[in-house]
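To keep things clear, I will list the structure first and then write my remarks on it.
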Amino acid sequence: MTVPADWPTTAEAARAEQERLRPLVVPEGPEPPRRPGTLIAGVDVAYDDERDVVAAAAVLLDYATLDVVEQATAVGRVAFPYLPGLLAFRELPAVLDALARLTRTPDLVVCDGYGLAHPRRLGLASHLGVHTGLPTLGIAKNPFTFTHQPPGDHRGAWTPLLDGPDPVGRALRTRQGVKPVFLSVGHRIGLDEATAVTLALTPAYRLPETTRQADSLCRRALATTTPAP
DNA sequence: GCGACAG
DNA sequence: ATCTTGTCGC
């Protein structure tokens, strides 16, 4: 894994970079990418802060069957500390490397975290979208600093995720009686489409198959990694 | 000033 | 994210 030479080192530089990237995000998109053969990518990252090692995984799923059709990983050094609001600077170098190792281009990339739902409207999924030019979507497990009313108990029920008065995403119930997931648009996709995709990716579990597969893969990659000589 | 805070 | 065993329930 190679961290770009100009990658931000400080929180101040990272925030400045976000200001530069924000106008480039396209938080809406055309209709569903549901033609036969549509490929959905899932990405995730695991850490071993003791050894300063990071492992990223990118998996490609067939949107119709949810079968994994390709996998790739990337291992390297941690590029940035975890700071709420700056997660992208920690995860992106490894994620971009893993994605680049796929032989096919996904129609959509699903991230573990947020997109528009971000203090400065530029979460991990937004960054990834701008860097790759691909449609991206963020699906998080926690409401972060945002508020919401509990959605109805049935699968498919949702309520707005709010940053003060601003709707920034949705709390979506993917399994009846189970805590919702929190989604927001990244790049080149709209919220309704993001909701439909999320439901399509959760036929059996609360979390989408993309993140389940990517999570499993990056953990295996991290466990398998031997300290560099 | 202090605590909260995606992963 | 990560540290971590058993345990309640379908």
Side-chain angles (χ1 to χ4, degrees), chain A residues 1 8 11 14-15 18 21-22 25 27 42-59 73-99 109-130 136-148 153 155 161-164 166-172 174-187 194 198 204-208 210-225:
Chain A
M1 182 190 103
R15 292 195 189 91
Q18 289 184 321
L21 298 176
R22 186 167 50 216
V25 177
V43 293
D44 195 16
V45 180
Y47 299 93
D48 181 340
D49 287 313
E50 290 290 293
R51 297 186 299 167
D52 198 39
V53 173
V54 53
V59 299
T73 59
V75 175
R77 294 292 184 182
V78 176
F80 201 86
Y82 171 69
L83 298 176
L86 299 177
L87 179 63
F89 297 94
R90 178 167 169 83
E91 306 221 326
L92 235 51
V95 166
L96 290 171
D97 272 15
L99 272 176
V109 184
V110 178
C111 299
D112 224 357
Y114 283 114
L116 219 213
H118 178 276
R120 288 175 296 283
R121 302 294 179 269
L122 207 86
L124 174 62
S126 317
H127 279 264
L128 184 59
V130 171
T136 60
L137 156 62
I139 301 178
K141 299 179 283 295
N142 300 295
F144 198 17
T145 61
F146 310 108
T147 60
H148 66 95
D153 197 53
R155 167 174 157 84
L161 190 62
L162 304 171
D163 185 357
D166 307 331
V168 292
R170 285 175 184 172
L172 173 68
T174 56
R175 307 301 303 165
Q176 182 174 56
V178 175
K179 173 179 175 174
V181 297
F182 305 90
L183 61 100
S184 59
V185 302
H187 189 56
T198 302
Y205 299 95
R206 175 169 87 114
L207 298 179
T210 40
T211 63
R212 288 169 44 78
Q213 295 291 344
D215 177 79
S216 155
L217 181 57
C218 69
R219 289 188 198 225
R220 272 176 283 153
L222 185 65
T224 302
T225 299

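Labels below follow one simple rule: chain letters A, B, ... track the order of the sequence lines, proteins then strands, and each chain is numbered from 1. Side-chain atoms are counted along with the backbone in the values below, which use heavy atoms only and exclude waters and symmetry mates. What you see is a predicted model, and the numbers here were worked out from it, not measured in a lab.
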Protein-nucleotide distance (Leu222(A), atom CG; dA1(C), atom P), rounded to Å: 12 Å
Any residue meeting side chain to side chain contact (heavy atoms under 4.5 Å, CB included) with Val130(A), in chain and number order, not counting sequence neighbours: Leu21(A), Leu24(A), Val25(A)
Full working for salt bridge (Lys or Arg N to Asp or Glu O under 4.0 Å) between Asp112(A) and Lys141(A): CA-CA 8 Å; Asp112(A) 224 357; Lys141(A) 299 179 283 295; 3.3 Å; yes
Gap separating the CZ atom of Arg120(A) from the CZ atom of Arg22(A), nearest 0.5 angstrom: 8.0 Å
Nucleotide-resolved protein contact map, nucleotides 1-7 of chain B, B/S/- at heavy-atom distance under 4.0 Å: ----BBB
Pairing string, 5' to 3', for DNA chain C - Watson-Crick or wobble contacts under 3.5 Å, brackets [ ] where pairs cross, | to another strand: ..........
Test of ring centre spacing under 6.0 Å for Tyr82(A) and Tyr47(A): no
The single option from Val75(A), Val78(A), Thr225(A), Val95(A) passing side-chain contact (heavy atoms from CB on, under 4.5 Å) against Val54(A): Val78(A)
5'-to-3' dot-bracket of DNA chain B (Watson-Crick, G-U; under 3.5 angstrom; crossing pairs as [ ]; | other strand): .......
Main-chain N/O of Gly85(A) paired with His118(A) side-chain donor or acceptor, under 3.5 Å: yes
Side-chain donor or acceptor of Arg90(A) paired with backbone N/O of Phe80(A) under 3.5 Å: yes
Distance in Å, Leu183(A) CG paired with Leu116(A) CG, rounded so as to fall on 0.5 Å steps: 11.0 Å
Main-chain N/O of Val109(A) paired to Thr136(A) side chain as donor or acceptor, under 3.5 Å: no
Value rounded to 0.5 Å, distance of CG in Asp163(A) from OG1 in Thr147(A): 8.0 Å
Protein proximity profile, nucleotides 3-10 of chain C - base contact B, sugar-phosphate-only contact S, no contact -, cut-off 4.0 Å on heavy atoms: --------
Residues forming a side chain to side chain contact (heavy atoms under 4.5 Å, CB included) with Val181(A), sequence neighbours excluded: Ile139(A), Leu172(A), Thr174(A), Thr198(A), Arg206(A), Leu207(A)
Ser216(A)-Arg220(A) side chain donor-acceptor pair, cut-off 3.5 Å: yes
